[in-house]
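Contents: one structure, followed by commentary.
Per chain, numbering begins at 1; letters A, B, ... match sequence-line order.
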2 protein chains.
Amino acid sequence: MILKSQVEWALHCCAILAGLPEGRYLSTKALAELHGLPKEYLSKALQSLSQASLVDTTLGPSGGYRLARPSSEISFLEIVEAVEGKARSFTCTNIRENNPCRPAGYCDSKPCAVARVMWEADEAWRNTLRRVRLSDLVGTLSEDVPPDIWRDTFEWVLKRAG
Amino acid sequence: MILKSQVEWALHCCAILAGLPEGRYLSTKALAELHGLPKEYLSKALQSLSQASLVDTTLGPSGGYRLARPSSEISFLEIVEAVEGKARSFTCTNIRENNPCRPAGYCDSKPCAVARVMWEADEAWRNTLRRVRLSDLVGTLSEDVPPDIWRDTFEWVLKRAG
DNA sequence: GGTTTGCGGATATTATATATCCTTAATTCC
DNA sequence: GGAATTAAGGATATATAATATCCGCAAACC
Ligand code: FES
Ligand code: FES
(Lines give C-alpha, C1' and ligand atoms only; values in the text may rest on other atoms or scores of the structure.)
(Ligands and ions follow the chains in the order given, each with its own letter.)
Protein backbone atom coordinates (compact mmCIF):
# COMPACT_ATOMS: atom_id res chain seq x y z
CA MET A 1 0.00 0.00 0.00
CA ILE A 2 1.63 3.17 -1.14
CA LEU A 3 0.15 6.60 -1.86
CA LYS A 4 0.84 8.24 -5.20
CA SER A 5 3.59 10.81 -5.25
CA GLN A 6 0.94 13.16 -6.64
CA VAL A 7 -0.34 13.49 -3.08
CA GLU A 8 2.92 15.12 -2.00
CA TRP A 9 2.85 17.33 -5.08
CA ALA A 10 -0.75 18.47 -4.59
CA LEU A 11 -0.25 19.32 -0.93
CA HIS A 12 2.85 21.38 -1.62
CA CYS A 13 1.17 23.15 -4.52
CA CYS A 14 -1.84 24.02 -2.37
CA ALA A 15 0.47 25.41 0.30
CA ILE A 16 1.95 27.72 -2.30
CA LEU A 17 -1.45 28.72 -3.67
CA ALA A 18 -2.53 29.53 -0.12
CA GLY A 19 0.14 32.25 -0.06
CA LEU A 20 -1.04 33.94 -3.25
CA PRO A 21 -2.61 37.40 -2.92
CA GLU A 22 -6.34 37.60 -3.54
CA GLY A 23 -7.30 37.11 -7.18
CA ARG A 24 -3.91 36.10 -8.55
CA TYR A 25 -3.27 32.82 -10.40
CA LEU A 26 -0.21 30.59 -10.61
CA SER A 27 0.45 28.37 -13.62
CA THR A 28 1.36 24.68 -13.83
CA LYS A 29 4.66 25.75 -15.35
CA ALA A 30 5.61 27.80 -12.31
CA LEU A 31 4.48 25.14 -9.84
CA ALA A 32 6.39 22.46 -11.71
CA GLU A 33 9.54 24.54 -11.85
CA LEU A 34 9.32 25.49 -8.17
CA HIS A 35 9.08 21.85 -7.09
CA GLY A 36 11.23 20.28 -9.79
CA LEU A 37 8.38 18.17 -11.16
CA PRO A 38 7.37 17.00 -14.66
CA LYS A 39 5.01 19.71 -15.87
CA GLU A 40 2.68 17.48 -17.90
CA TYR A 41 2.18 14.97 -15.13
CA LEU A 42 1.81 17.56 -12.38
CA SER A 43 -0.92 19.01 -14.56
CA LYS A 44 -2.92 15.82 -14.02
CA ALA A 45 -2.75 16.28 -10.25
CA LEU A 46 -3.86 19.89 -10.56
CA GLN A 47 -6.72 18.83 -12.80
CA SER A 48 -7.83 16.50 -10.02
CA LEU A 49 -7.87 19.44 -7.62
CA SER A 50 -9.91 21.39 -10.15
CA GLN A 51 -12.43 18.58 -10.59
CA ALA A 52 -12.81 18.43 -6.82
CA SER A 53 -13.58 22.16 -6.84
CA LEU A 54 -10.68 22.89 -4.52
CA VAL A 55 -9.13 25.33 -6.97
CA ASP A 56 -10.37 27.80 -9.56
CA THR A 57 -8.67 28.06 -12.91
CA THR A 58 -8.42 30.57 -15.69
CA LEU A 59 -6.94 30.31 -19.15
CA GLY A 60 -4.56 32.42 -21.13
CA PRO A 61 -1.09 33.88 -20.58
CA SER A 62 -1.83 35.14 -17.06
CA GLY A 63 -3.85 32.07 -16.19
CA GLY A 64 -3.33 29.19 -13.80
CA TYR A 65 -4.68 28.11 -10.44
CA ARG A 66 -5.85 29.70 -7.23
CA LEU A 67 -7.65 28.30 -4.19
CA ALA A 68 -11.42 28.18 -4.53
CA ARG A 69 -11.84 28.75 -0.78
CA PRO A 70 -9.84 30.25 2.09
CA SER A 71 -7.08 27.90 3.21
CA SER A 72 -8.73 27.64 6.62
CA GLU A 73 -11.70 25.97 4.94
CA ILE A 74 -9.76 23.33 3.06
CA SER A 75 -8.68 20.15 4.83
CA PHE A 76 -5.75 17.87 4.17
CA LEU A 77 -8.24 15.10 3.53
CA GLU A 78 -9.94 16.97 0.70
CA ILE A 79 -6.65 17.44 -1.10
CA VAL A 80 -5.53 13.86 -0.53
CA GLU A 81 -8.85 12.43 -1.65
CA ALA A 82 -8.89 14.63 -4.71
CA VAL A 83 -5.80 12.95 -6.13
CA GLU A 84 -5.90 9.58 -4.38
CA GLY A 85 -9.61 8.92 -4.65
CA LYS A 86 -12.19 8.32 -1.95
CA ALA A 87 -12.08 4.53 -2.08
CA ARG A 88 -11.17 2.76 1.13
CA SER A 89 -7.71 1.26 1.31
CA PHE A 90 -9.07 -2.17 2.25
CA THR A 91 -11.43 -3.93 -0.11
CA CYS A 92 -13.30 -7.02 1.03
CA THR A 93 -13.62 -9.66 -1.66
CA ASN A 94 -16.04 -11.67 0.48
CA ILE A 95 -13.94 -14.78 0.77
CA ARG A 96 -16.18 -15.92 3.60
CA GLU A 97 -18.74 -16.75 0.94
CA ASN A 98 -16.49 -19.53 -0.29
CA ASN A 99 -16.74 -21.45 2.97
CA PRO A 100 -18.03 -24.88 1.87
CA CYS A 101 -19.96 -25.18 5.14
CA ARG A 102 -22.25 -22.26 4.28
CA PRO A 103 -25.70 -23.22 3.08
CA ALA A 104 -26.25 -22.23 -0.56
CA GLY A 105 -27.87 -18.83 -0.88
CA TYR A 106 -27.08 -17.80 2.69
CA CYS A 107 -26.96 -14.02 2.94
CA ASP A 108 -24.80 -12.14 5.46
CA SER A 109 -26.57 -9.51 7.51
CA LYS A 110 -23.46 -7.44 8.22
CA PRO A 111 -20.17 -6.70 6.49
CA CYS A 112 -17.44 -9.10 7.62
CA ALA A 113 -15.87 -8.41 11.01
CA VAL A 114 -12.43 -8.32 9.41
CA ALA A 115 -13.50 -5.61 7.01
CA ARG A 116 -15.17 -3.62 9.77
CA VAL A 117 -11.90 -3.38 11.68
CA MET A 118 -9.92 -2.48 8.58
CA TRP A 119 -12.46 0.19 7.68
CA GLU A 120 -12.34 1.56 11.20
CA ALA A 121 -8.58 2.00 10.81
CA ASP A 122 -9.17 3.66 7.47
CA GLU A 123 -11.56 6.08 9.13
CA ALA A 124 -8.98 6.89 11.81
CA TRP A 125 -6.54 7.76 9.03
CA ARG A 126 -9.08 9.98 7.29
CA ASN A 127 -10.14 11.65 10.52
CA THR A 128 -6.58 12.68 11.22
CA LEU A 129 -6.34 14.25 7.79
CA ARG A 130 -9.77 15.82 8.13
CA ARG A 131 -8.73 17.67 11.27
CA VAL A 132 -5.74 19.37 9.66
CA ARG A 133 -6.55 22.48 7.68
CA LEU A 134 -4.45 23.80 4.85
CA SER A 135 -3.96 26.98 6.87
CA ASP A 136 -2.45 24.86 9.66
CA LEU A 137 0.08 23.51 7.21
CA VAL A 138 1.00 26.97 6.01
CA GLY A 139 1.44 28.02 9.63
CA THR A 140 3.78 25.13 10.38
CA LEU A 141 5.74 25.67 7.19
CA SER A 142 6.26 29.34 7.92
CA GLU A 143 7.74 28.35 11.27
CA ASP A 144 9.95 25.59 9.85
CA VAL A 145 11.27 27.33 6.76
CA PRO A 146 13.91 30.02 7.44
CA PRO A 147 12.40 33.49 6.94
CA ASP A 148 14.72 34.51 4.12
CA ILE A 149 13.99 31.39 2.07
CA TRP A 150 10.28 31.82 2.79
CA ARG A 151 10.40 35.42 1.59
CA ASP A 152 12.48 34.66 -1.48
CA THR A 153 10.11 31.87 -2.45
CA PHE A 154 7.08 34.11 -2.46
CA GLU A 155 8.96 36.80 -4.32
CA TRP A 156 9.81 34.15 -6.90
CA VAL A 157 6.18 33.08 -7.01
CA LEU A 158 4.74 36.59 -7.28
CA LYS A 159 7.03 37.34 -10.19
CA ARG A 160 5.30 34.50 -12.05
CA ALA A 161 1.74 34.84 -10.77
CA GLY A 162 -0.77 36.15 -13.28
CA MET B 1 -3.49 3.29 -2.44
CA ILE B 2 -4.87 -0.18 -2.06
CA LEU B 3 -3.95 -2.99 0.32
CA LYS B 4 -3.12 -6.38 -1.12
CA SER B 5 -5.87 -8.96 -1.04
CA GLN B 6 -3.38 -11.11 0.88
CA VAL B 7 -4.23 -8.98 3.92
CA GLU B 8 -7.81 -10.23 3.87
CA TRP B 9 -6.58 -13.78 3.34
CA ALA B 10 -4.05 -13.69 6.17
CA LEU B 11 -6.52 -12.27 8.68
CA HIS B 12 -9.14 -14.88 7.88
CA CYS B 13 -6.57 -17.68 8.04
CA CYS B 14 -5.34 -16.47 11.42
CA ALA B 15 -8.91 -16.40 12.70
CA ILE B 16 -9.24 -20.05 11.71
CA LEU B 17 -5.89 -20.99 13.22
CA ALA B 18 -6.99 -19.30 16.44
CA GLY B 19 -9.75 -21.87 16.72
CA LEU B 20 -7.45 -24.88 16.39
CA PRO B 21 -6.97 -27.08 19.46
CA GLU B 22 -3.57 -26.88 21.13
CA GLY B 23 -0.80 -28.49 19.12
CA ARG B 24 -2.71 -29.17 15.90
CA TYR B 25 -1.67 -27.85 12.49
CA LEU B 26 -3.69 -26.82 9.43
CA SER B 27 -2.27 -27.04 5.92
CA THR B 28 -2.23 -24.46 3.12
CA LYS B 29 -4.39 -26.84 1.13
CA ALA B 30 -7.15 -26.81 3.73
CA LEU B 31 -6.98 -23.04 4.25
CA ALA B 32 -7.11 -22.43 0.49
CA GLU B 33 -10.07 -24.74 0.04
CA LEU B 34 -11.95 -23.22 2.99
CA HIS B 35 -11.62 -19.70 1.59
CA GLY B 36 -11.70 -20.50 -2.12
CA LEU B 37 -8.23 -19.14 -2.76
CA PRO B 38 -5.37 -20.13 -5.07
CA LYS B 39 -3.28 -22.51 -2.97
CA GLU B 40 0.12 -21.54 -4.38
CA TYR B 41 -0.40 -17.84 -3.89
CA LEU B 42 -2.00 -18.13 -0.48
CA SER B 43 1.13 -20.04 0.46
CA LYS B 44 3.14 -16.86 -0.06
CA ALA B 45 0.97 -15.00 2.43
CA LEU B 46 1.37 -17.78 4.98
CA GLN B 47 5.11 -17.73 4.44
CA SER B 48 5.04 -14.04 5.32
CA LEU B 49 3.27 -14.88 8.57
CA SER B 50 5.90 -17.52 9.24
CA GLN B 51 8.76 -15.11 8.58
CA ALA B 52 7.17 -12.69 11.02
CA SER B 53 7.12 -15.46 13.63
CA LEU B 54 3.36 -15.20 13.98
CA VAL B 55 2.87 -18.86 13.14
CA ASP B 56 4.78 -22.09 13.65
CA THR B 57 5.03 -24.63 10.86
CA THR B 58 5.80 -28.28 10.53
CA LEU B 59 6.41 -30.46 7.50
CA GLY B 60 5.05 -33.75 6.35
CA PRO B 61 1.58 -35.21 5.78
CA SER B 62 0.12 -33.93 9.06
CA GLY B 63 1.95 -30.61 8.79
CA GLY B 64 0.82 -27.06 8.25
CA TYR B 65 0.42 -23.93 10.36
CA ARG B 66 -0.57 -23.03 13.89
CA LEU B 67 -0.36 -19.78 15.83
CA ALA B 68 2.98 -19.17 17.51
CA ARG B 69 1.28 -17.30 20.37
CA PRO B 70 -2.14 -17.15 22.00
CA SER B 71 -4.58 -15.17 19.86
CA SER B 72 -4.92 -12.62 22.66
CA GLU B 73 -1.26 -11.74 22.17
CA ILE B 74 -1.41 -11.18 18.42
CA SER B 75 -2.62 -7.86 17.08
CA PHE B 76 -4.28 -7.04 13.79
CA LEU B 77 -1.35 -4.79 13.03
CA GLU B 78 1.18 -7.60 13.28
CA ILE B 79 -0.74 -9.67 10.76
CA VAL B 80 -1.29 -6.76 8.40
CA GLU B 81 2.34 -5.66 8.58
CA ALA B 82 3.54 -9.22 8.03
CA VAL B 83 2.01 -9.33 4.56
CA GLU B 84 1.83 -5.64 3.69
CA GLY B 85 5.20 -4.56 5.04
CA LYS B 86 6.05 -2.01 7.68
CA ALA B 87 6.76 0.86 5.30
CA ARG B 88 4.68 3.98 5.78
CA SER B 89 1.98 4.61 3.21
CA PHE B 90 3.27 8.11 2.46
CA THR B 91 6.81 8.52 1.19
CA CYS B 92 8.37 11.97 1.01
CA THR B 93 10.52 12.48 -2.05
CA ASN B 94 11.82 15.78 -0.69
CA ILE B 95 10.51 17.96 -3.47
CA ARG B 96 11.14 20.98 -1.24
CA GLU B 97 14.82 20.52 -2.04
CA ASN B 98 14.10 21.53 -5.62
CA ASN B 99 13.00 25.02 -4.65
CA PRO B 100 15.27 27.27 -6.71
CA CYS B 101 15.28 29.83 -3.89
CA ARG B 102 17.07 27.52 -1.48
CA PRO B 103 20.75 28.20 -1.00
CA ALA B 104 22.90 25.36 -2.36
CA GLY B 105 23.76 22.82 0.31
CA TYR B 106 21.06 23.99 2.70
CA CYS B 107 20.11 21.19 5.05
CA ASP B 108 16.65 20.83 6.61
CA SER B 109 16.57 20.35 10.34
CA LYS B 110 13.21 18.53 10.41
CA PRO B 111 11.22 16.29 8.10
CA CYS B 112 8.82 18.29 5.95
CA ALA B 113 5.62 19.51 7.63
CA VAL B 114 3.56 17.82 4.92
CA ALA B 115 5.19 14.47 5.62
CA ARG B 116 4.77 14.88 9.37
CA VAL B 117 1.00 15.21 8.99
CA MET B 118 0.79 12.28 6.59
CA TRP B 119 2.86 10.15 8.94
CA GLU B 120 0.67 11.14 11.86
CA ALA B 121 -2.34 9.85 9.93
CA ASP B 122 -0.45 6.68 9.15
CA GLU B 123 0.23 6.24 12.86
CA ALA B 124 -3.47 6.69 13.63
CA TRP B 125 -4.21 3.89 11.18
CA ARG B 126 -1.62 1.63 12.75
CA ASN B 127 -2.74 2.44 16.29
CA THR B 128 -6.27 1.36 15.47
CA LEU B 129 -4.98 -1.95 14.17
CA ARG B 130 -2.59 -2.31 17.09
CA ARG B 131 -5.43 -2.07 19.58
CA VAL B 132 -7.42 -4.93 18.06
CA ARG B 133 -6.31 -8.40 19.10
CA LEU B 134 -6.85 -11.51 17.05
CA SER B 135 -8.90 -12.87 19.96
CA ASP B 136 -11.20 -9.84 19.64
CA LEU B 137 -11.79 -10.72 16.00
CA VAL B 138 -12.61 -14.31 16.86
CA GLY B 139 -15.04 -13.07 19.49
CA THR B 140 -16.82 -10.81 17.02
CA LEU B 141 -16.92 -13.49 14.35
CA SER B 142 -18.43 -16.02 16.74
CA GLU B 143 -21.20 -13.53 17.44
CA ASP B 144 -21.78 -12.65 13.78
CA VAL B 145 -21.63 -16.10 12.23
CA PRO B 146 -24.70 -18.28 12.88
CA PRO B 147 -23.84 -20.99 15.44
CA ASP B 148 -24.51 -23.91 13.12
CA ILE B 149 -22.24 -22.58 10.38
CA TRP B 150 -19.61 -21.77 12.98
CA ARG B 151 -19.77 -25.31 14.35
CA ASP B 152 -19.79 -26.96 10.93
CA THR B 153 -16.77 -24.93 9.89
CA PHE B 154 -14.65 -26.08 12.80
CA GLU B 155 -15.79 -29.66 12.31
CA TRP B 156 -14.66 -29.30 8.70
CA VAL B 157 -11.36 -27.83 9.85
CA LEU B 158 -10.69 -30.45 12.52
CA LYS B 159 -11.25 -33.23 10.01
CA ARG B 160 -8.30 -31.79 8.05
CA ALA B 161 -6.06 -30.61 10.90
CA GLY B 162 -2.91 -32.65 11.45
C1' DG C 1 -3.66 36.70 -35.10
C1' DG C 2 -0.23 34.75 -32.45
C1' DT C 3 0.81 33.18 -27.88
C1' DT C 4 -0.20 31.11 -23.48
C1' DT C 5 -3.00 28.46 -20.61
C1' DG C 6 -5.99 24.55 -18.65
C1' DC C 7 -8.30 20.43 -20.19
C1' DG C 8 -9.03 15.83 -21.88
C1' DG C 9 -7.78 11.86 -24.63
C1' DA C 10 -4.38 8.63 -26.31
C1' DT C 11 -0.33 6.28 -25.59
C1' DA C 12 4.07 4.50 -23.71
C1' DT C 13 6.89 3.03 -19.81
C1' DT C 14 7.73 1.27 -15.33
C1' DA C 15 6.56 -0.87 -10.95
C1' DT C 16 3.67 -3.66 -8.26
C1' DA C 17 0.23 -7.19 -7.39
C1' DT C 18 -1.37 -11.51 -8.69
C1' DA C 19 -0.61 -16.15 -9.98
C1' DT C 20 1.72 -20.45 -11.38
C1' DC C 21 5.46 -23.71 -11.65
C1' DC C 22 9.39 -26.25 -10.00
C1' DT C 23 13.02 -27.87 -6.82
C1' DT C 24 14.53 -28.93 -2.17
C1' DA C 25 14.38 -30.70 2.41
C1' DA C 26 11.81 -32.23 6.30
C1' DT C 27 8.22 -35.29 8.15
C1' DT C 28 4.81 -39.02 8.26
C1' DC C 29 3.07 -43.40 7.17
C1' DC C 30 3.55 -48.00 5.42
C1' DG D 1 13.85 -48.13 3.35
C1' DG D 2 10.45 -46.01 0.20
C1' DA D 3 6.33 -43.42 -1.18
C1' DA D 4 3.52 -39.59 -0.13
C1' DT D 5 2.82 -34.99 1.80
C1' DT D 6 4.16 -30.68 3.37
C1' DA D 7 6.43 -25.76 3.86
C1' DA D 8 10.01 -22.91 1.80
C1' DG D 9 11.97 -20.40 -1.69
C1' DG D 10 13.36 -19.27 -6.47
C1' DA D 11 12.03 -18.39 -11.21
C1' DT D 12 8.76 -16.86 -14.23
C1' DA D 13 4.45 -15.21 -16.39
C1' DT D 14 0.31 -12.12 -16.44
C1' DA D 15 -2.70 -8.27 -15.00
C1' DT D 16 -3.26 -3.99 -13.10
C1' DA D 17 -1.90 0.46 -11.45
C1' DA D 18 1.46 4.37 -11.25
C1' DT D 19 4.29 7.31 -13.81
C1' DA D 20 5.17 10.00 -17.74
C1' DT D 21 4.78 12.11 -22.36
C1' DC D 22 2.39 13.83 -26.39
C1' DC D 23 -1.29 15.93 -28.98
C1' DG D 24 -5.40 18.71 -30.21
C1' DC D 25 -8.90 21.78 -28.44
C1' DA D 26 -10.98 25.98 -26.73
C1' DA D 27 -10.64 29.96 -23.84
C1' DA D 28 -8.05 34.14 -22.54
C1' DC D 29 -4.61 37.63 -23.24
C1' DC D 30 -1.75 40.90 -26.05
S1 FES E 1 -14.87 -11.77 3.80
FE2 FES E 1 -13.79 -9.97 3.19
S3 FES E 1 -12.95 -9.28 5.05
FE4 FES E 1 -14.01 -11.09 5.67
S1 FES F 1 9.14 17.63 0.66
FE2 FES F 1 8.21 15.66 0.82
S3 FES F 1 6.42 16.09 1.91
FE4 FES F 1 7.33 18.04 1.76
Side-chain angles (χ1 to χ4, degrees), chain A residues 1-10 13 17 23-33 35-66 68 80 82-85 87 89-91 93 95 160-162, chain B residues 1-10 13 17 23-33 35-66 68 80 82-85 87 89-91 93 95 160-162:
Chain A
M1 179 190 59
I2 188 78
L3 291 165
K4 321 196 224 203
S5 54
Q6 293 207 352
V7 171
E8 184 184 7
W9 305 358
C13 286
L17 294 182
R24 314 274 302 267
Y25 293 86
L26 194 60
S27 70
T28 307
K29 183 163 173 255
L31 287 167
E33 197 180 338
H35 296 111
L37 301 173
K39 179 166 98 68
E40 315 284 349
Y41 193 32
L42 172 63
S43 165
K44 300 296 183 187
L46 298 172
Q47 282 174 44
S48 299
L49 295 179
S50 173
Q51 284 171 343
S53 299
L54 294 176
V55 296
D56 289 334
T57 71
T58 188
L59 293 175
S62 66
Y65 298 87
R66 71 177 178 201
V80 171
V83 303
E84 190 63 38
S89 58
F90 178 88
T91 53
T93 61
I95 59 177
R160 287 155 181 86
Chain B
M1 178 190 59
I2 188 80
L3 291 165
K4 319 196 224 203
S5 55
Q6 292 207 351
V7 170
E8 184 184 9
W9 304 359
C13 286
L17 294 183
R24 314 272 305 264
Y25 293 87
L26 195 61
S27 70
T28 306
K29 184 163 172 254
L31 286 167
E33 197 180 339
H35 297 111
L37 302 173
K39 179 166 97 69
E40 316 283 349
Y41 193 33
L42 172 62
S43 165
K44 301 296 185 188
L46 298 173
Q47 283 174 42
S48 299
L49 296 179
S50 172
Q51 283 171 344
S53 299
L54 293 176
V55 296
D56 289 333
T57 70
T58 187
L59 292 175
S62 66
Y65 298 86
R66 73 177 177 200
V80 172
V83 303
E84 190 62 37
S89 58
F90 179 87
T91 53
T93 61
I95 60 176
R160 287 155 181 86

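Summarising the geometry, atom CG belonging to B:Leu17 is positioned 6.0 Å from atom CG belonging to B:Leu26; distances are rounded to the nearest 0.5 Å. Note that OH of A:Tyr41 and OG of A:Ser5 are 6.0 Å apart. Values are rounded to the nearest 0.5 Å.
One can place CG of A:Leu26 at 14 Å from C1' of C:dT4, the figure rounded to the nearest angstrom. Rounded to an integer number of Å, the gap from B:Leu37 CG to C:dA19 P is 9 Å. In this structure, CD of A:Glu40 is placed 14 Å from C1' of C:dA12, rounded to the nearest angstrom. Spacing between atom CD of A:Glu33 and atom P of C:dT4 amounts to 15 Å, rounded to whole angstrom units. When the P atom of D:dT6 is taken as reference, atom CZ of B:Arg66 falls 17 Å away, rounded to whole Å. Taking atom NZ on B:Lys39 and atom P on D:dT6, their separation rounds to 7 Å, with Å as the unit. The distance between atom CD1 of A:Ile95 and atom P of C:dT18, rounded to the nearest whole Å, is 13 Å. One atom, CG of B:Leu3, and another, C1' of D:dA17, lie 15 Å apart when rounded to the nearest Å.
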Which nucleotides of nucleotides 24-30 of chain D have their base under 4.0 Å from a protein heavy atom (B), which only their sugar-phosphate (S), and which neither (-), written as one string 5' to 3'?
---BBB-
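Within the 4.5 Å cutoff, the side chain of B:Lys29 has heavy atoms near those of the B:Ser27 side chain. Contact check for B:Arg66 versus B:Asp56: side-chain heavy atoms found under the 4.5 Å cut-off. A 4.5 Å side-chain heavy-atom check between A:Trp9 and B:Ile95 finds at least one atom pair inside the cut-off. Contact of the A:Lys39 side chain with the A:Thr28 side chain is registered, since non-hydrogen atoms from C-beta on lie closer than 4.5 Å. Side-chain contact between B:Leu31 and B:Leu46 is present, with heavy atoms from C-beta onward closer than 4.5 Å. In this structure, the side chains of A:Phe90 and B:Val7 come closer than 4.5 Å at one or more pairs of heavy atoms.
For DNA chain D, the residues of residues 41-55 of chain B within the heavy-atom distance limit of 4.0 Å (strictly under) are B:Lys44, B:Gln47, B:Ser50, B:Gln51, sorted by number.
Between B:Thr28 and the phosphate of D:dT6, there is no side-chain N or O to OP1/OP2 separation shorter than 4.0 Å.
Within the helix from C:dG1-D:dC30 to C:dC30-D:dG1, the inter-axis angle between the opening and closing five-pair segments is 10°, rounded to 10°.
Each of B:Tyr65 and A:Gln6 was matched to the nucleotide of DNA chain D holding its nearest heavy atom; the match closer to the 5' end belongs to B:Tyr65. Residue B:Gly64 is the one, among B:Gly64 and B:Ile2, whose nearest nucleotide of DNA chain D lies closer to the 5' end (criterion: closest heavy atom).
Counted by atom type alone, B:Gln6 and B:Ser48 present zero donor-acceptor pairs between their side chains at under 3.5 Å.
Between B:Glu8 and A:Thr93, the closest heavy-atom pair is OE1-OG1, 2.7 Å. The heavy-atom pair separating B:Arg160 from B:Ala30 by the smallest distance is CB-CB, 4.1 Å.
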